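All values below were derived from every heavy atom in this structure, side-chain atoms included, with hydrogens, water molecules and symmetry-related copies excluded. Just so you know, these numbers come straight off a predicted model, no measurement behind them. Just so we're on the same page: letters track the sequence lines, and every chain starts at 1.
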Amino acid sequence: MKQPPPIAENLDRGATSFGGRAAAALVPRRRISGPVPWVLAIMIMLSALAAGGALALSNLASSARGELAGAITVQIIEADAELRAQQSELAAELLLQDPAVRSLRRVPREELDRMMEPWLGVADAGDAIPIPDLLDVQLNRQASEAELVRLQSLLENDAPNSRIDAQSSLLEPVYSALTALRYLSFGLIVLLALASSSAVWLASRSAFTSNRETMEIVHLLGGADKQIAGIFQRSVAMDVFMGAVLGLALGVAVMLVIAGQFAALDSGMVEGGGFDWHDWLIIAAIPIAGVLIAIMTARMTVVSALRRML
Amino acid sequence: MSGGQGRIVTFDNVGLRYGTEPEVLSDLSFTLFPGSFYFLTGASGAGKTSLLKLLYLAQRPSRGAINMFGRDVITTPREELPEFRRRLGVVFQDFRLVGHLSAFDNVALPLRIAGVREADIVRPVSEMLDWVGLAHRAQSRPATLSGGEQQRVAIARAVIGRPDLLVADEPTGNVDPEMALRLLRLFEALNRLGTTVVVATHDVQLLKSLPDSLIMRLNKGRLLDPTGALRYPPRASFASTHSLGGDGE
Ligand SMILES: Nc1ncnc2c1ncn2[C@@H]1O[C@H](COP(=O)(O)OP(=O)(O)OP(=O)(O)O)[C@@H](O)[C@H]1O
Ligand SMILES: [Mg+2]
């Protein structure tokens, strides 16, 4: 019988740290075979869509509000057509001289008639029923209550039958609807984030369960908690990363399609719903958050399991 | 090396219980001296594996004190225990091979964990696999190996890092007598390099083949040591045949 081999004499321990391919091989790669990355992809996609919706609504609301904040409507409510025309003329002149007024448009009669047609029928109804004149005024500042009172008193003498309204007050119900939708989508995001986090949590728990034996062996062979957590963490992060990238890609694709369809509507309002670069950053942060949660969960799971071993 | 005070491990009145069960190990007091070769025997259920678990730091004793490599294991912070484990070689009773790694990678694992360079791993691991007769199965996974082959991979993994203390639980339970002797030669060779060896076994043939060895007999969780030789061994029993402390690192 020949002699046993010279048993690993003078091995240079601690020459490298346990990592790279050899360490990665400890956790078998399953790629996207299990349901986990798919579930995550869906969750991340839904989160991205909800975030996209919320951001679009939010941008829409604030751009509409900004535009309308300085907009006021002046109505000249006078039955006599001649007096009415005279008062509108004077009111327009007075307002145009005011430093707060940036622009003013007298809404033409034909336009008013057209607006009224659905309610009043025939086009010349304006002759039978007195319709107020309308001035569309854009202020260069917020149409505050005080501003409205000041302008109203400005017109008191020359156009006593005028009435000034802030357009934003007319649109208040629209704002509150938008705000409600915004809260709704933020609520959805929170719920989806919770669901995604638990999906990630469950995924990393189950990955740990299936690799527990290996982790224990590495532990018993002198692996430090940090090494073991690192190996495991990396593998879970890979799984989640794939799901996250897939989910983000799907979510962005859906958003672009929807945005394209809205753009085709060519409604001035929708333009306000576009994304800035920082909106895209927020959306991109969703999968990153997913991966970070996965890494943290993985680490916590392993470390707490290892703590229970001696 | 470690046994600066001439000892690798000292147990002092150690007891172990699992949960609220009665103690499976009681009043264990003994010393393992560097370079000695111990056989641990006892009936099934006597507590051999439990004692080895204390030795390879998989289990904390319920009472008593354990000193290893000159330090009190009980009060050593958890973060420092991996250092201890890297100085141990363990053959587990149930092998505990990593299922999806090849025989080669299983044997290389302790070296990789200890941070040995990849270039320095190939030769010793191949030679070790050759010695245990598994050179041709180096790339096979444990599931495709026979029980005895798996056991040999487990042994190769335990000795590859030339540990200060080798702990083997029934390491020859699944091999034929000839292979058992061959594996014992491996332990002996390691022992001659200065490693303290503790082998739990039922195999009387094995005991007889190493007359120099010391025998620890467990009976219902208690160590039979009528002469006190395990606590205070006559130095002649090992010091003359093995150089104390050896030429370890
Ligand atoms: N994890 C555990 N939890 C509870 N009881 C245990 C545990 N491990 C072992 N025991 C009990 O401790 C006693 C000693 O078991 P141990 O495995 O140490 O015996 P052994 O001498 O190695 O036996 P064998 O020769 O069959 O391997 C047994 O009664 C066993 O049932
Ligand atoms: Mg046993």
Toward chain A, the part of B:Phe92 with a non-hydrogen atom under 4.5 Å
side chain
Please round to the nearest 0.5 Å and tell me the distance separating atom CG of B:Leu57 and atom NE2 of A:His219.
8.5 Å
Please report the shortest heavy-atom distance between A:Leu221 and B:Arg86, naming the atom on each side.
O-CG, 4.1 Å
Below 4.5 Å from any heavy atom of chain A, which atoms of B:Val90 appear? Answer side chain, backbone, both or neither.
neither
Smallest heavy-atom separation, B:Pro82 atom then A:Gly222 atom, equals CB-O, 3.5 Å
Quick one: pull up CD1 in B:Ile113 and CD1 in A:Ile217 and give me the separation to the nearest 0.5 Å.
9.5 Å
Minimum heavy-atom separation for A:Leu220 to B:Ala58, with atom names?
CD2-CB, 3.7 Å
So for B:Glu188, is it side chain, backbone, both, or neither that comes closer than 4.5 Å to the heavy atoms of chain A?
neither
Indicate yes or no: at least one non-hydrogen side-chain atom of B:Glu79 is less than 4.5 angstrom from one of A:Lys226.
no
So does B:Tyr18 have more than 12 non-hydrogen atoms from other groups sitting under 6.0 Å from OH?
yes
Closest heavy-atom contact between A:Thr214 and B:His100?
OG1-CE1, 3.7 Å
Give a yes or no on this: more than 12 heavy atoms of other residues, nucleotides or ligands lie within 6.0 Å of atom CZ of A:Phe241.
no
Shortest non-hydrogen pair, B:Arg78 vs A:Met309, comes out as NE-O, 3.4 Å
Relative to chain A, which segment of B:Leu88 carries a heavy atom at a distance below 4.5 Å: side chain, backbone, both, or neither?
neither
